[in-house]
Amino acid sequence: MYDQKAVIVTGAGGNLGSAVVRELAGAGVKLVCMNRSSQELETLAGELPASTEFLSIAGTDLTDYASCVAAVARSVKRFGGVGALVNTVGGFQMGPVGPEAPAQWDTMMTANARTALTISAAVLPTMKAAGYGRIVHVAAAPGLKAGANQAAYAASKAAVIRLTEALAAECRDDRITANCILPGTINTPENRAAMRNAKTDAWVSPQSIARLIAFLISPASGVVTGAAIPATGRE
Ligand SMILES: NC(=O)c1ccc[n+]([C@@H]2O[C@H](COP(=O)([O-])OP(=O)(O)OC[C@H]3O[C@@H](n4cnc5c(N)ncnc54)[C@H](OP(=O)(O)O)[C@@H]3O)[C@@H](O)[C@H]2O)c1
């Protein structure tokens with residue numbers, strides 16, 4: 001089902017990233033698991049089927065281009081190329097347009113937009129050389145329309161959507177697709193702790209988003225590019 005080259009998953013130790021790794025490992029995909037913390041990678045590695053071919057790369061800072069280039073080079077050396085990038089790295093802060101807003105703006109733009117741009121730029125050369133690639137970023141609904149207290153987060157996720165569109169347009173003739181998904185509230189420990197009275201059964205599971213991502217990085221998805229896909233439905 002998948003290209004024989006490796007799939008890079010960034011934020012592999014996070015809620016969505018680890019679900020993507022488990023989903024793809026179950027499908028026999030060769031994986032590069034990138035994460036800042038090595039401890040989360042060790043835990044994740046222990047959960048994968050023994051037959052999984054994977055490379056763990058700890059300490060990659062996705063805001064840093066040289067760090068991303070070095071990590072991609074290690075991936076290419078190990079697996080001969082990178083067929084897909086699944087970038088789950090991101091962050092979340094809320095607040096009004098007030099005294100804290102300028103710092104919050106920089107934090108969100110760095111955590112959500114710069115990271116997506118930087119890892120995309122690092123992975124494109126090997127995909128272009130192969131004439132094939134799949135890129136999936138994770139945006140969010142406020143990237144289409146912001147609500148109160150969402151200026152920085154919404155703008156940063158809007159930047160991810162615009163980046164995805166530019167990538168899709170630039171890379172169409174290289175047979176590289178770029179799409180982003182807009183998950184609803186994901187059923188994570190952090191969200192359950194932050195919203196104790198919420199009806200979590202209406203939230204989206206990391207596993208269901210991982211299955212959508214698995215389709216988007218498959219060869220069968222080649223006609224889908226430049227899309228911002230809501231992932232908000234009920235399972
Ligand atoms: N959770 C939701 O309800 C929800 C809804 C819509 C969209 N999203 C988006 O979905 C994605 C995944 O969310 P999640 O809940 O799985 O988040 P998560 O568990 O917090 O995982 C995010 C990962 O990004 C990593 N990261 C942050 N900045 C980084 C950097 N500069 N370099 C390398 N790694 C970095 C974090 O590493 P550290 O642990 O080292 O910080 C963490 O592993 C994010 O883009 C988020 O904005 C989430």
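We count residues from 1, following the sequence as given. Whatever order the structure lists ligands and atoms in, that order sets their numbers, starting from 1.
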Atoms in ligand 1 flagged as close to [X], the criterion being non-hydrogen separation under 4.0 Å:
X    : value
A139 : 7 (C)
T60  : 32 (N), 33 (C)
T185 : 3 (O)
N35  : 43 (O)
T63  : 31 (N)
L62  : 30 (C), 31 (N), 32 (N), 33 (C)
T88  : 11 (C), 12 (C), 44 (C), 45 (O)

Is the closest protein non-hydrogen atom to atom 34 (N) of ligand 1 under 4.0 Å? yes
Verify atom 42 (C) of ligand 1: protein non-hydrogen atom under 4.0 angstrom away: no
With a 3.5 Å distance limit and no angle check, can you tell me whether N179 reaches the backbone of V224 through a side-chain donor-acceptor pair? yes
Is it true that a side-chain atom of R134 and a backbone atom of S218 form a donor plus acceptor pair closer than 3.5 Å? yes
Counting non-hydrogen protein atoms only, what is the nearest one to [atom]? Give residue, atom name and distance.
atom                    : result
atom 9 (C) of ligand 1  : V138 CG1, 3.5 Å
atom 21 (O) of ligand 1 : G14 CA, 3.6 Å
atom 22 (C) of ligand 1 : G90 O, 3.8 Å
atom 26 (N) of ligand 1 : V89 CG1, 3.6 Å
atom 38 (P) of ligand 1 : R36 NH2, 3.7 Å
atom 4 (C) of ligand 1  : I186 CD1, 3.6 Å
atom 16 (O) of ligand 1 : L16 N, 2.8 Å
atom 6 (C) of ligand 1  : P183 O, 3.5 Å

Does ligand 1 come near enough to [X] that some N or O of the ligand is less than 3.5 Å from an N or O of the residue?
X   : answer
S37 : no
D61 : yes
E40 : no
G17 : no
G13 : no
N15 : yes

With a 4.0 Å cut-off on heavy atoms, is [X] touching ligand 1?
X    : value
V204 : no
G184 : yes
W203 : no
K157 : yes
S18  : no

So which bit of N191 gets within less than 4.0 Å of ligand 1, heavy atoms only: side chain, backbone, both or neither? side chain
For ligand 1, does A12 get within less than 4.0 Å through its side chain, its backbone, both, or neither, judged by non-hydrogen atoms? neither
Could you walk me through whether L48 and F54 satisfy the side chain to side chain contact (heavy atoms under 4.5 Å, CB included) test, starting with their C-alpha distance in whole Å, then the side-chain angles of each, then the deciding distance to 0.1 Å, before giving a yes or no? CA-CA 9 Å; L48 301 181; F54 70 98; 4.1 Å; yes
Near E190 CD, under 6.0 Å, is it more than 12 heavy atoms from other residues, nucleotides or ligands? yes
Is the number of heavy atoms from other residues, nucleotides or ligands under 6.0 Å of R172 CZ greater than 12? no
Supply the atom-to-atom distance L216 CG to I213 CD1, rounded to the nearest 0.5 angstrom. 7.5 Å
Are F79 and L55 packed together at the side-chain level, in the sense that at least one heavy-atom pair is separated by less than 4.5 angstrom? yes
A side-chain contact here means heavy atoms from C-beta on lying under 4.5 Å apart; do I161 and C180 qualify? yes
Side chains of [X] and [Y] only: does a donor on one sit below 3.5 Å from an acceptor on the other?
X    : Y    : value
T88  : H137 : no
S208 : S205 : yes
T107 : Q93  : no

Decide side chain to side chain contact (heavy atoms under 4.5 Å, CB included) for I119 and T115; before the verdict, give the C-alpha distance in whole Å, the side-chain angles of both, and the deciding distance to 0.1 Å. CA-CA 6 Å; I119 189 64; T115 50; 5.9 Å; no
Among N87, L85, L31, find the residue that satisfies the side-chain contact (heavy atoms from CB on, under 4.5 Å) test when tested with I8. L85
Step-by-step side chain to side chain contact (heavy atoms under 4.5 Å, CB included) determination, L124 to I135: CA-CA 9 Å; L124 278 180; I135 295 174; 3.9 Å; yes
Between L167 and Y65, is there shared hydrophobic-cluster membership here, with clusters defined by ILVMFWY side-chain heavy atoms closer than 4.5 Å? no
Between R211 and E235, does at least one N-O distance fall below 4.0 Å, as a salt bridge requires? yes
Would you sort out whether Q207 and E23 count as a side chain to side chain contact (heavy atoms under 4.5 Å, CB included), showing the intermediate values? CA-CA 7 Å; Q207 295 76 16; E23 175 72 22; 5.7 Å; no
